[in-house]
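Have a look at the structure below, then the notes.
Labels below follow one simple rule: chain letters A, B, ... track the order of the sequence lines, proteins then strands, and each chain is numbered from 1.
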Amino acid sequence: MSDVVSAPAVSGGVSRSFLRDARGLQRKLVEEYYGAFASVDQPRRPVAYMLVGGNLTEILRSFGYDVVFPEIVALNCAIKHQSLENILHAESLGYGLDVCGYVKNDLGLQDLGGKTSFGQIPRPDLLVCSFSGCYVYVKWWEALAESYGAPLFMFDVPYMREETPRQEDIAYLVSQLWELVHLLEKRTGRAFDMNELKRVLAESRRAEDGWVEFLRAGRLRPSPIEAYFESIFYMFPINVLRGTPGAADFYDVVNEEVRARVRDGNYPLPEEKFRVLVEGVPPYTNYRTFWDFFRKWGAVSVVATYPKVGGLFDRGFRHDPSRPFESIAEYSLGAYVNQSWPLRRKIIADYVKEYQADAVIIHGIKSCRSFTAGQGDLRDWLIHDQGVPTLYIESDHQDPRYFAPAQIKNRMDAFFESLEQRRAVAAAAGAAPG
Amino acid sequence: MTAVVAGVDIGSTTAKCVVLGEDSRILGKSLSVVGVDIVKDAERALEAALADAHLSRPEVSFITGTGYGRYKVYFGQLVVTEISCHARGANFLFPGTRLVVDIGGQDTKAIRIDDKGEVVDFAMNDKCAAGTGRFLDVCANALGYDVGEIGPLSLQARRAVKVTSTCTVFAESEVTSYVSRGKDPKDILAGLHASIANRTLSLMQRVGVEPEVTFTGGVSQNEGMVHALHRRLGVPVNVSPLSQYLGALGAALHGRERLSGGAA
Amino acid sequence: MITGGLDLGAGVIKGVLLEDGRRLLATASAPSRGIPVQAARHVLDTLGETANIAPDDIDYLCTTGFGRYAIPERNLQVSDFTSSARGAVFLFPKTRLVVDVGTQASRTMSISETGKVLKFKMNEKCAAGAGRFVERCSKYLQVPLEEMGPKALASERPKLISSVCAVLAETEIINNVAEGVPLADILMGVFLSLSQRAHSLMRYVGIQPEVTLVGGLVRNVGMVKALHDTIGMDLNVAPDAYYAAALGSAVLGHARLQKLTTAPQGVGG
Amino acid sequence: MPELLKIGSWAGDLPDGEAPAGIEISPDFREFTEAESVERIVHLAQEVLADPTFPTVRAWRTAGGKAIGCFPVYTPQELVHSFAMMPVAIQGGGENLEISRADAALGSFLCSISKSTLEMALTGLLDPFDGFVFPYICDVSRNLDGIFTRVLPQRPSHMLHLPQNFTSPATIPFLVAEYRSLIEKLERVAGRPFSPEDLRASLEVFNEQRALVDRLVVLKRDAPWKVTLVEYYLLLRLGGLLPREVHIPLLRRAIAELEGRERKNKDAIRVIVLGPFCEQPTLELLQLIEDVGCYVVGDELQMLHRWCPRIEPGTDPLESLATSYVRTPVDIGVRSTPTTKAAAILARVDAAKAQGVLFLTAKFCEPALEDVVLYRRALEGRGLPYLHMEFEEKSTTYEQARLQLETFAESILFE
């Protein structure tokens, strides 16, 4: 298993030690995770499929389940240029051109037998659908339930329209969580162990602290981290391995490395010319190309919204062993795409200030209407109401047919060129006598 | 400093070059079709413009490349995107310009600029080539016209038909279907122009419509399109016979600034 | 009995004359130039000249294609799918899957032994215009249309085009040219990309032998090779398959005519 | 001068034309109340649809009424009605609306109805409304609410979360709480408090409308030659554009006429149309389906009026309303019932004696697109033919649609 998902090599003026320790450890964790599924015939533990947004990892883990996230499998396929084949297969099954690429990649992959270059994806014993922020989740899990006949638990999470959830929302979620617990007791023949759940939650909390420390490093000038391209790799433990000691330890290593970077002056780019906020899902199929478009201009993403799809930990939320069910309910409500547009706008405005971003790059994707519908209005609001230079580009996260490199590059070049020009003009005006 | 500068704009279909004298007078220009060898095409565009200016290569102190093929202008000293170049070029020709609309072969741009010709904000066609020059090209072809003829013809329309397809490929079948239903080609052409004007307005609204509006790019030479845009916008639109050269002109101007140690 | 079949496509009008539903007497085609009626008349005249038959000698005329309703003297009109299927079965009786890579649309259909359409699918938006796309590439790359296929065969490392938009795909080709990709690889890339799209349509209706290629690009060796390589299966290819839809409509016309002549009381005016 | 119709607290099932106390209905609706023939009603409906300025809503306002725009599908219009406000179906801008600003705000890959609805908001066409309800039937509808709060800040918009967990005992209480949040906003717009009694009366009004709609649906299923698809559609469509008190008698008259109609039963194939539960196809496309030789004997058009059968007001009408969504709704692509869905479709096919299924999905409508595969498998299992086509609000040419529909009909009719 040497061929695993890993961060692309960073070239050009970057110290070779940048990303080294954390990246190596991340690679190892990914390898171990998929490696554990290698033996499909005799899975040691039952497998639950889950979705990243509002996931219930802790509860499933407390019952000894292994968790598989088809979204993450799909994105790994896309990075490794295996998504198109799966997508085309799904289209031959009847999934239309405009169905989400995650769904098509996954259902195509499943129909082809679940084999990837990073391991065999096991079949589910249970499908847990957290309907949190994405309607397609519901449709996707319906399709999986139909093809596997595995039981589906629908965890219905209300959309957040106010900053604080209503009491009725929490009560609704807690009631559903207990129903899940009863279902798991029935399926595993094990009694629910509250102490075990609390122990898992404590590990989650420790990982969350570490993850937030990493994210907040983007507030430094220059930023020692790449909050979009680098974070994407470090999202794996917080989303997939949360609740394990390994996840929590991982962020200790990451943060140690980030501190060393600051100490040694080892930054993502030799010169941080532009600090940008990136909103939207990355084009995984052309990840490296896209990153190059930033690097070329000395642009470092110091904060990004995409790493918050698994939870807005940096805005204060933590899993809490003293309020296990309530805090899980709050977690599920708190996924980034489960926030209404007024709340999303506020988060972005706060980020721009907090991280001193010079500009915002919005990457809209064809697949995800939840994330994307309204990003044009967001662009308008940022430019006209907030005075933040903003660029909006579109492609897809899974389907390489929608990534037009020449067009995207042209827009990025023009955008940074104009930022540079304006900065030069401002500097000239500032330097002018009188 | 007696410097002659040149700008070379390698677009998707044509290569343009402008040679500027020190008083920013246009000494020479060229326009040629781009073929399979872009590097050579860029060379040729420069040579042709120099011939037009009666100058030789060593007399040019600075060359800037722009357009899709800008990285193929190997002999240049600077590359700038056509967005910055159109902004600078429009400001040069019409100093009051605040919004530049460029309809090219592969894409359409709306660029908001300030009084110095700096880009404040821009928007380009998303997703696909809907509403670009290629759209007119393909439809002209389907109707059996040369792309140069369709603008004037569209102005003779009595009642424009509604063209709803924004996809270039599908617009073609829409056009064919109108023909088979016996619609007047002039009315179809008027409909096509109105459809592009509408898409263009949508782009312009993204950056904010503010007079003066300067219309550039190959399609700006199409009077039917100028008319359709004017009608849709309700404000006059600046058009110059030099519009096609605006990218190259802007590139040359950027080069001049760089040479004089200015903002570029 | 002589039946005529006319396929009024958006780009080209094709026609055939068929004797007794079996023997192909003549084929002819002409560009439609947006005026199908005139071009269709011209095709009918050419067919008559070739077969040495006066226009009145055509007993039954069946039309198909985009302009099938445009010809007032037609006796019957059928959809392109129905006619192409019959045409394919006429040429290759064991056909179960028909693929038509046409000027404005690609389509595919699975058929029964009798040539009845079972399932069919045509390309969606953003993936259209296969034939037109090849024409544009020909113009762009300055390679005559008839040379594109043979030239593509020399390709060693085809350069696939990813974009689903025909116009953006052109931009990609321009970039490939700029990056110095050999012409043969670009050309084969074009054909392979089109084949892949046709392949996904074929997979949707279900692939089973025999597969017969009909329509606009049947004469293009590059396209045939690309399709063959993509589906990994032998394809029925015949020069007359270019006329499959016209042929199929003549076949259907003959069947209808027979029915009418054996049951004359059923003819309504 | 005829008596003005009035609306307000309806007690029970009033006969036609009898006016309860409440807001007066503008005489502008006289055309509808007096329209005697289906032909005349269809003509009026086409006029209303061709006018993007919501003439019926403006007429309602001139009499002092307030109006709430309701996005499809499972919107509890009864709640709006109980405040004596007019619930109006927001179903896109139709083929004549030019989209120029909404594209920029939304992004490229979205359905027509979302773009035209936002375009209407940006161009003042929604000014006759006092508020909007967007049910969570998909992410686009949900996000529209958030965009509306910015582009129309003076008109309250409410995103209604529709639960997808139908087995939890906590679902109905949650939905009641959801409705209460909506009620709070409606109270502010209406300037009067919520009354369970008024809701009870409103439920009865809608029950009457539903019963009539159901009668029309059954007529279309059992005797499709008596009512064309366009007539059927327009009669239903008016239901979301007229005060219910105007629509109900109109529909009753129309159905009586249609049931008595003498028309020839043509040799056409019987099909069910699935998919257009939110965005609606153009009239031309609907007509084309029948022109090529199909009788539509089942469909998902105008689901806003048909999403559940009769609702018994019960002791707590609000809870009854919530229960109707959770327990007894009509399942369409935007409600999750994975294990029963395919079987339900086959049952519908059987009940309608359909020979094939036409999936008519709006371009970019993801929920509809995803269900196609599920249904496709079920239909193939039974050897039933189907055709999948996409539509958009703006279409002027139908060659491709005609070609596919003709082939579909030919493939079923001919050997």
Chain D heavy atoms under 4.5 Å from A:Leu93: which part of the residue, side chain, backbone, both or neither?
both

Do the side chains of A:Arg161 and D:Asp145 get close enough for a salt bridge, i.e. N-O under 4.0 angstrom?
no

Step-by-step salt bridge (Lys or Arg N to Asp or Glu O under 4.0 Å) determination, A:Glu142 to D:Lys341:
CA-CA 10 Å; A:Glu142 265 182 23; D:Lys341 231 173 193 171; 3.0 Å; yes

Closer than 3.5 angstrom, by distance alone: can the side chain of D:Asn143 be matched with the main-chain N or O of A:Ala373 as a donor-acceptor pair?
yes

Non-hydrogen atoms of A:Lys139 and D:Gly333 that approach each other most closely:
NZ-O, 2.6 Å

Ranked by heavy-atom pairs below 4.5 Å to chain D, first place among A:Trp140, A:Phe153, A:Phe131, A:Trp141 goes to A:Phe131

Looking at CZ of D:Phe364 and CG of A:Leu97, how far apart are the two atoms once the value is rounded to the nearest 0.5 Å?
8.0 Å

dist D:Ser108:OG -> A:Tyr392:OH (nearest 0.5 Å) comes out at 6.0 Å

Structural part of D:Pro169 lying under 4.5 Å from a heavy atom of chain A:
both

With only heavy atoms counted, which part of A:Ser340 is less than 4.5 Å from chain D, the side chain, the backbone, both or neither?
neither

With rounding to the nearest 0.5 angstrom, report the SG to CZ distance, D:Cys365 to A:Arg369.
9.0 Å

Side chains of D:Ser181 and A:Arg166: any donor to acceptor distance under 3.5 Å?
yes

